[in-house]
Amino acid sequence: MGQIRSITAHFDNSRRYFENSIGKEFDFTQTTGPYEYLLGALSGCFYLTMLSIKHSVRWTDVEITVTGIKRDAAPSTLEKTTLAITAEGVTDEEEFRALAKQASEECSIYNTISRVSEMEIIITFK
């Protein structure tokens with residue numbers, strides 16, 4: 001059996017939030033709702049997948065900005081999702097690009113979203 005991950009969501013008249021198994025709370029607000037958490041989960045899954053793949057390329061810093069465009073029609077799933085990756089101090093740009101491509105093939109959340117959304121990865125090196 002695979003890993004079990006769980007959150008508990010709480011909704012009342014004054015607050016909407018979810019918490020993880022250690023009780024860390026994450027609020028749902030007008031600017032941080034379900035899609036922001038989904039895009040944040042995608043960025044974390046993608047980066048950790050990159051780290052889990054055997055590679056020799058090194059970097060000092062990676063920033064991933066994820067943008068999702070929702071469809072107007074119901075169900076309003078993501079129509080297009082872009083991961084804009086900015087990497088600093090990369091020792092081998094070609095290998096970094098190959099690593100990102102492999103991560104896109106292995107990241108579970110990326111692959112789940114790709115079932116309904118066009119996916120794009122843009123890599124910039126500093």
>> Any heavy-atom pair between the side chains of Glu63 and Lys126 that's under 4.5 Å?
In response: no
> Looking at side-chain heavy atoms only, is the closest gap between Ile7 and Tyr37 below 4.5 Å?
Replying inline: no
>> Is it the case that the side chain of Thr81 and the backbone of Ser117 share a donor-acceptor pair, with hydrogens and angles ignored and the cut-off at 3.5 Å?
In response: no
>> Closer than 3.5 angstrom, by distance alone: can the side chain of Thr60 be matched with the main-chain N or O of Glu88 as a donor-acceptor pair?
In response: yes
>> Do Leu39 and Leu78 make a side-chain contact, defined as non-hydrogen atoms from C-beta onward lying under 4.5 Å apart?
In response: yes
> Should the heavy atoms of other residues, nucleotides or ligands under 6.0 Å from CD of Glu94 be counted, would the total exceed 12?
Replying inline: no
>> Tell me if a side-chain donor or acceptor on Glu95 pairs with a main-chain N or O of Ser56 at a distance below 3.5 Å.
In response: yes
>> Can you tell me how far apart CD (Glu79) and CG (Asp72) are? Round to the nearest 0.5 Å.
In response: 7.5 Å
> Given the rule in the side chain to side chain contact (heavy atoms under 4.5 Å, CB included) test, do Thr49 and Ile53 qualify, once you have shown the distances and angles that lead to the verdict?
Replying inline: CA-CA 7 Å; Thr49 300; Ile53 297 168; 4.2 Å; yes
> Do the ring planes of Phe28 and Phe11 sit parallel (below 30°), tilted (30 to 60°) or perpendicular (above 60°)?
Replying inline: parallel
> Is it the case that one hydrophobic cluster holds both Phe18 and Leu38, taking links as side-chain heavy atoms less than 4.5 Å apart, direct or via other members?
Replying inline: no
> Do the side chains of Arg15 and His10 get nearer than 4.5 Å, heavy atoms only?
Replying inline: no
> Which pair of heavy atoms, one from Met119 and one from Ile113, lies closest together, and at what distance?
Replying inline: SD-CG2, 3.9 Å
> Going by heavy atoms in the side chains, are Phe26 and Thr32 under 4.5 Å from each other?
Replying inline: no
> What is the distance from atom CG of Leu48 to atom SG of Cys107, rounded to the nearest 0.5 Å?
Replying inline: 9.0 Å
> Do you know the tightest heavy-atom contact between Val66 and Leu42?
Replying inline: CG1-CD2, 3.8 Å
> Hey, does the side chain of Gln102 reach the backbone of Leu99 with a donor-acceptor pair shorter than 3.5 angstrom?
Replying inline: no
> Do Tyr35 and Tyr110 sit in the same hydrophobic cluster, where Ile, Leu, Val, Met, Phe, Trp and Tyr count as joined when their side-chain heavy atoms come under 4.5 Å apart?
Replying inline: yes
> Roughly how far, to the nearest 0.5 Å, is the OG atom of Ser114 from the CD1 atom of Ile109?
Replying inline: 12.0 Å
> Taking all atoms of both residues into account, what is the closest heavy-atom pair of Gln3 and Arg5, and its distance?
Replying inline: OE1-NH1, 3.0 Å
> Under 3.5 Å, side chain of Asn111 to main-chain N/O of Ser104, donor-acceptor pair present?
Replying inline: yes
>> Surrounding CZ of Arg71 (heavy atoms of other residues, nucleotides or ligands, distance under 6.0 Å), is the total greater than 12?
In response: yes
>> Regarding Glu93 and Arg97, does a basic nitrogen lie under 4.0 Å from an acidic carboxylate oxygen?
In response: no
> Is it true that Val57 and Ile122 fall in one hydrophobic cluster, defined by side-chain heavy atoms closer than 4.5 Å?
Replying inline: no
>> I need the Met50 CE to Cys45 SG distance, nearest 0.5 Å.
In response: 12.5 Å
> Can you name the closest pair of heavy atoms from Ile123 and Ala100 and give their distance?
Replying inline: CD1-CB, 3.7 Å
> Can you tell me how far the CD1 atom of Ile69 sits from the OG1 atom of Thr82, to the nearest 0.5 Å?
Replying inline: 6.5 Å
> Considering only heavy atoms from C-beta outward, does the side chain of Ile85 approach that of Phe96 to under 4.5 Å?
Replying inline: yes
